[in-house]
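In what follows, a structure is listed as structure tokens, so that the remarks can point back to it.
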Amino acid sequence: MSSSFADSSKEKPDAVLAVPAAAEEDLMAHLPEHEAAILRAQIEVKPVPVSYLKLFRYATPLDIFLLVVAHLCAIAAGAALPLMSIVMGSLTKTFTDYFSYNGSPTEFSHAISKNTLYLVYIGIATFALIAIETAINIDRGEVLSSRIREHYLAATLRQNVAYFDKLGSGEITTRITADTNLIQEGISEKVGIIIVGLSTFVTALIVGFIKSWKLTLILFAITVAVFSGMSFASRFMIKYSLQSLNGASVGSTIVEEVFSSDRLTGSYDTFLAITEKASIKQEAAMGCIISYLWMCIYCNYALGFWQGSHFVSDGSIGVNAVITVLMSMLLGNFALSQVAPHARSITEAVAAASKIFATIDRVPIIDSTSEEGVILETVKGDIELKDVKFIYPSRPDVTVLDKMNLKIPAGHTVALVGASGSGKSTIIGIIERFYEILGGEVTIDGHDISELNTKWLRQQISLVSQEPTLFGCSIYENIAHGLIGSPYENASDDVKRKLIIEACETANAWSFIQTLPEGLDTNVGERGFLMSGGQKQRIAIARAMVGNPKILLLDEATSALDTKSEGVVQEALDRAARDRTTIVIAHRLSTIKDADLIVVMSEGVIVEQGTHNELLDKQGIYASLVENQKIEKRKSGDKESDAQISTESEEKKLEMGEDTRILDLVRSKTTQSISSANARPLEVIEKKHSFTSSIKMIARFNKPEVTYTVFGIVFAIINGLGYPVQAVFFGKCVGAFQALPSQYGHMRSQVRLYAGLYFMLACVEFIAYLISLLSLAIASKKLVRRIRLESFRQILRQDISYFDRDENTTGALTSTLSTDAQNVEGLSGATFGQILNSATTVVAGLIMSIAIGWKLGLVCGACVPIVVGSGYLRFHLLAKFQQRAKKAYESSASYACEAASAIRTVTSLTREADVYGKYKRELDAQIKDSRIATLRSSLLYGISQGVSFLISALGFWYGSTLLKTHEYSTVQFFIVFISVIFGSQSAGVIFAFAPDMGKAKQASRNILRLFESVPLIDSWSTAGATPQDVIGDIEFRDVHFRYPTRPEVPVLRGLDLTIKSGQYVALVGSSGCGKSTAVGLIESFYLPSHGQILLDGQSIHDFNVNAYREYIALVQQEPVLYAGSIKYNISLGTSRNVTDEEIFEVAREANIHDFIMSLPDGYDTLCGSKGALLSGGQKQRVAIARALIRQPKILLLDEATSALDSESEKVVQEALDKAAKGRTTVAVAHRLSTIQNVSYPLQKIFEESAANTSLIVKADVIYVFENGKVLESGTHQQLLANRSKYYELVQLQALERN
């Protein structure tokens, strides 16, 4: 009654549904202000305001000078393009004078030669200026971003350890790779492109105003119209883009939560529909912008020629001024419109810099690089903790140490013993000064450690942890890291090698190092993965010993090792501990019996302390633990190993202290165990897919939208015909301007006609662009939705082993669904429309030019590949700049990430300066290496920009020779020249989409690969029998199992167990013994490597997997609830339609109905993402109700209460007891009993525990697992009487609760 009351009192609706805004601050609200301030100081990062100029904070005077030169070159290069319009105007005037006034052929040739030379000069100048500014911008971008990287790594390495508890190495990796790449992009070639564009626009305006301020002002109205229209439409683009992103992100949340139930594809598709609708609206807004832009361009021609004809006829300006102003304004508008996409790089760079600079500017409370603090002349090694209070900043609600007092005399060995979470490792962290204490004092030789120099202090201490971190270099280099801060840090290589060999001998490592092909120079692999556990541990001990530290800290240094390795490593540790102050944290008590002092801890308090014999005489907790481990050792002495028979040579090596598991370096012959013989390493065979197969896949998915696609194609072709048609209008208008003053009336009517046709063309192109872009957008967005949904279904189809692979993390799969499907658009939609458009422009232009003037058409046509090629080269190189920038920093980034992820090891070894130095050297080498490539690319980029001027010069020169002989008219010349040369230049823009097309090609291959992946356990399969009249008997027969991703690690090694129908069976054992694996195999998540799992005497793999799973329900330790109502979540438990009454009934059985009804929205109450709005106990009971709704014959409970507090546990336990009635129940349990009264002797507690409500105690049979087999089985009382492994587990929990 009391427990129910307690639980319901905790479950007020407000408490459940209201999420406090300042939740993080509230976590420290219960602490005194000074304590909260100490905790905050360890984790707080103050935001730093960042402006664009702040990105150049590490620029030297030389950098500033070079950047000024680059920017001046960019301004000059930008000004070159409008100068071309002056030359074109001048050439047009020359043509008009020659034909209208019968000019001299010699003067005509001279004028043409002079103007074409100007174009050549402008081309050469553009090439040189663009090459210089690009090279400088890219090089300085690399240099400055490298300095930011260096400062960021240095700042990260100096931070206190608590900073990393909150941050995680993943974020550091992102900052040092992706974010610094964004900064580099924002200060490199993109700056040059923006300056060139702005310079073109400003110069175009200046040229226009000089030539004819009136006409420029009139045409400027078109510029204003373009940008006001674009800004208006862009508002809608942003609005719909946000809606699309919101839909996609909520959809991604579902994806991330799910990967489990096919019924959830409906929910996902709902959000995909929202995204699709918003994306189509966004594309429609984009279509309006592009259509409007092209309409304005053609209107610009119409207005320019119409108004220009008036000015020419009244003598205000000449023909050359009209052409110059017209071309200048067009070029200026184009240049400005192309600045916008690149300007985004600058905003992204500023945003990325804010967090990086916040870290760089953060001064840590414990600064490992600070020169401040006392440095003692000699260190004896006396350590004392006086009234120490400690709380982890990341868990401010848990007091880890409270008034801790401990004295460790110099030269003594002190062992710390206790349950997990009792504060043992915390003491080591405090002595290493990883964290600040909240109260009390920690002294070394009577000096408060907070007053000592942090770096010097850590150099007096060596730490060997449970899972030692080795760095990706040789054994020699790894051990040499231990010499940092010692007198031998800068000694010669010979002296160092001698010291390292001595340390290896002390650490029992020299014997195995000598057998390696390269000895000390053998590379250990990233994080030491080429070494076995025992070898890594001994190398770490040698590293700790080589500097001859005064204080040695050993944190469970042998707990992860097998018995043979442990013996060898323990011997090394015993040698290492002589004549120095040593603190040992031990799991196996036999390893610490010789310690000078043994301290038994529980929940941050010392329970007992004394020597081994003194504590045995006390007959307290330590004595019972020792006795228990003795019994276990006697029992396990007779056990066989896992059927692995080593050869004689290997046994000899093991006697010498060798562990022959080093991969690829030392091979030993062994006979395979059954499970290893059956284990198959997970091989992913990749089939190569051609570009054609990608196109076919897109066509197949897009088949329902064939009408939209056909419409899009037709109107894209109409768009492409616009440029050749306007070339005709342009030629006719220029031809009309050649009229004599007496014919100006006829000239105006001619120009008026073509200006009207230009306006008509503007309207046609507006409609064609709009229909084309909208049709193709609808087709492509529906394609993206269909691919996402089908990919999602295909991922859900995969078996669990697919999700175990490193490349298939939740984040990676979510990213695949969002990015790969989106990237496929690069071969459809707007990109596909633009390809058709550009291809039509080039082909129609060539056909028309050859038809109108074949000689000039062929000469200009021969230049088309060069023009289009230079367009391709321009975009290809821009993409390559970015790609190389990312690639160049991959190796240095992985080195930085390795250091960040092993920050405790780096900090304890005081390797900060060493890591920074090596990282800086790597970056400097990369910058030096990439300079040649940058220079080459910049020259090519300059050529791609300058070549269009040279080709225009060739066209004008050759055209003029044809005009001089009156073979061609001016109209013919301009039609041919503009349709081919300018048409090709506009077609070159197609290559702006080259990166998108590359991404699309890769994405479609990824999707094809996913669709070809057929799982071993296929939930789509209809094969297999449907279980009939299920009783619920389960049997494991000689089951061997290894996880497909870890085939070298046997998990189950011949498991035999029988579970009768209706029985309540508990599986217990230490972590990693195979309990949860057994549950996973019952659920048919995996196939066993060997042996059988039977349901009612029939192998479960004979059944259809979905039909079989209908009879099973699973409740996990951390149940997953989905974003939706409580009612919706419960109904997900079954594929059939359920009534409200059924839902109410299972909720009653799960002990949660009354609570749900007390909520304002009852069963319609939202659970939040992953059930965030419900407490742990409430989530667990909703999960039980969800399990019961399917009326299972078999109920699987995987540590269903281990993560709950005592009150919640009672209520959930009650629900589980109800749920288990009348069905076969298999429970994996962490808590063996709810031991409440710890003041009784231990034996009495064991006897009383049987009466308590508990998952285990009520079990009909308890199977105790060890090393993948059943060690013992029986009831609670029988197993206690055995005084074996189960007895030890109960005893350990008694200690934990003491």
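Note that this is a predicted model, so its numbers are computed, not measured. When a residue number appears, it is its place in the shown sequence, counting from 1.
- Minimum interatomic distance between Pro82 and Ala204 (heavy atoms only, all atoms of both residues): CG-N, 3.6 Å.
- A distance-only check finds no donor-acceptor pair linking the side chain of Ser775 to the backbone of Thr709 [under 3.5 Å].
- The backbone N or O of Ser969 sits less than 3.5 Å from a side-chain atom of Gln972, completing a donor-acceptor pair.
- Between atom NE2 of residue His310 and atom CD1 of residue Ile218 there is a gap of 10.0 Å, rounded to the nearest 0.5 Å.
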Steps toward side-chain contact (heavy atoms from CB on, under 4.5 Å) verdict (Leu773, Met286): CA-CA 8 Å; Leu773 291 169; Met286 186 67 185; over 6 Å; no

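- Of all heavy-atom pairs between Thr324 and Ser85, the closest is OG1-O, 3.3 Å.
- Ser199 places no side-chain N or O within 3.5 Å of a backbone atom of Ile195 that could act as its donor or acceptor partner.
- Here the shortest heavy-atom pairing between Ala736 and Gln750 reads CB-CB, 3.9 Å.
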Criterion side-chain contact (heavy atoms from CB on, under 4.5 Å) on Glu790 and Phe1011, from CA distance to verdict: CA-CA 9 Å; Glu790 291 307 313; Phe1011 280 103; 3.6 Å; yes

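- Proximity of Cys299 to Ile222: side-chain heavy atoms (C-beta onward) are separated by under 4.5 Å at one or more points.
- Here the side chain of Asn719 pairs a donor or acceptor atom with the backbone of Tyr769 at under 3.5 angstrom.
- One N or O on the side chain of Ser749 and one on the backbone of His746 form a donor-acceptor pair closer than 3.5 Å.
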Asn702 and Glu705: CA distance, side-chain angles, deciding distance, side-chain hydrogen bond (donor to acceptor under 3.5 Å, both in side chains) verdict: CA-CA 6 Å; Asn702 235 163; Glu705 287 75 45; 3.0 Å; yes

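- Contact check for Val824 versus Val784: no side-chain heavy atoms found under the 4.5 Å cut-off.
- Shown here for Arg786 and Phe701, the closest heavy-atom pair between the two residues is NH1-O, 2.6 Å.
- One finds the OH atom of Tyr708 at 12.0 Å from the CG atom of Leu776 (value rounded to the nearest 0.5 Å).
- Lys855 pairs by the side-chain hydrogen bond (donor to acceptor under 3.5 Å, both in side chains) definition with Glu967, not counting sequence neighbours.
- Side-chain contact between Val976 and Met848 is absent, with no heavy atoms from C-beta onward closer than 4.5 Å.
- A distance-only check finds no donor-acceptor pair linking the side chain of Thr840 to the backbone of Gly720 [under 3.5 Å].
- Rounded to the nearest 0.5 angstrom, Gln726 CD and Leu757 CG are separated by 12.5 Å.
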Working for ring pair (Phe, Tyr, Trp, His ring centres under 6.0 Å), residues Phe95 and Phe973: CA-CA 10 Å; Phe95 292 167; Phe973 169 78; 5.2 Å; yes

Full working for side-chain hydrogen bond (donor to acceptor under 3.5 Å, both in side chains) between Ser279 and Glu283: CA-CA 6 Å; Ser279 297; Glu283 289 294 324; over 6 Å; no

Evaluation steps, side-chain contact (heavy atoms from CB on, under 4.5 Å), between Gln945 and Val196: CA-CA 11 Å; Gln945 294 283 61; Val196 167; 5.6 Å; no

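- Nearest heavy-atom pair across Val312 and Phe737 is CG2-CE2, 4.0 Å.
- In this structure, the side chains of Ile975 and Ser849 stay at 4.5 Å or more apart for every pair of heavy atoms.
- Between Tyr301 and Phe730, the ring-plane angle classifies as perpendicular under the 30° and 60° cut-offs.
- Residues Val734 and Val971 form no side-chain contact, since every pair of their non-hydrogen atoms from C-beta on lies 4.5 Å or further apart.
- Going from atom OG of Ser948 over to atom CG of Leu81 covers 7.5 Å, rounded to the nearest 0.5 Å.
- Panel note: side chain Ser309, backbone Val751; no donor-acceptor pair is recorded below 3.5 Å.
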Residue pair Val322, Phe311: steps toward the side-chain contact (heavy atoms from CB on, under 4.5 Å) verdict: CA-CA 9 Å; Val322 174; Phe311 287 150; 5.6 Å; no

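- Taking 4.5 Å as the limit, some side-chain heavy atom of Phe956 sits within range of a side-chain heavy atom of Met88.
- Taking the six-membered ring where tryptophan is involved, the planes of Tyr758 and Phe305 are essentially parallel, since the angle between them stays under 30° and well short of 60°.
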From CA spacing to verdict: salt bridge (Lys or Arg N to Asp or Glu O under 4.0 Å), Lys781, Glu276: CA-CA 6 Å; Lys781 294 305 172 188; Glu276 180 198 302; over 6 Å; no

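- With a 4.5 Å cut-off on side-chain heavy atoms, Cys763 and Tyr298 do not count as touching.
- Taken to the nearest 0.5 Å, the CZ atom of Phe949 stands 4.0 Å off from the OG1 atom of Thr126.
- The minimum heavy-atom distance linking Gly861 with Leu846 is given by the pair CA-CD2, 3.5 Å.
- Ser772 places no side-chain N or O within donor-acceptor distance of the main-chain N or O of Phe715, the cut-off being under 3.5 Å.
- Using a 3.5 Å distance cut-off with no hydrogens or angles, the side chains of Gln738 and Thr970 do pair a donor with an acceptor.
- For the atom pair Leu119 CG and Leu954 CG, the distance stands at 11.0 Å (nearest 0.5 Å).
- Inter-residue side-chain proximity for Gln307 and Leu215 is flagged as met; some heavy-atom pair is nearer than 4.5 Å.
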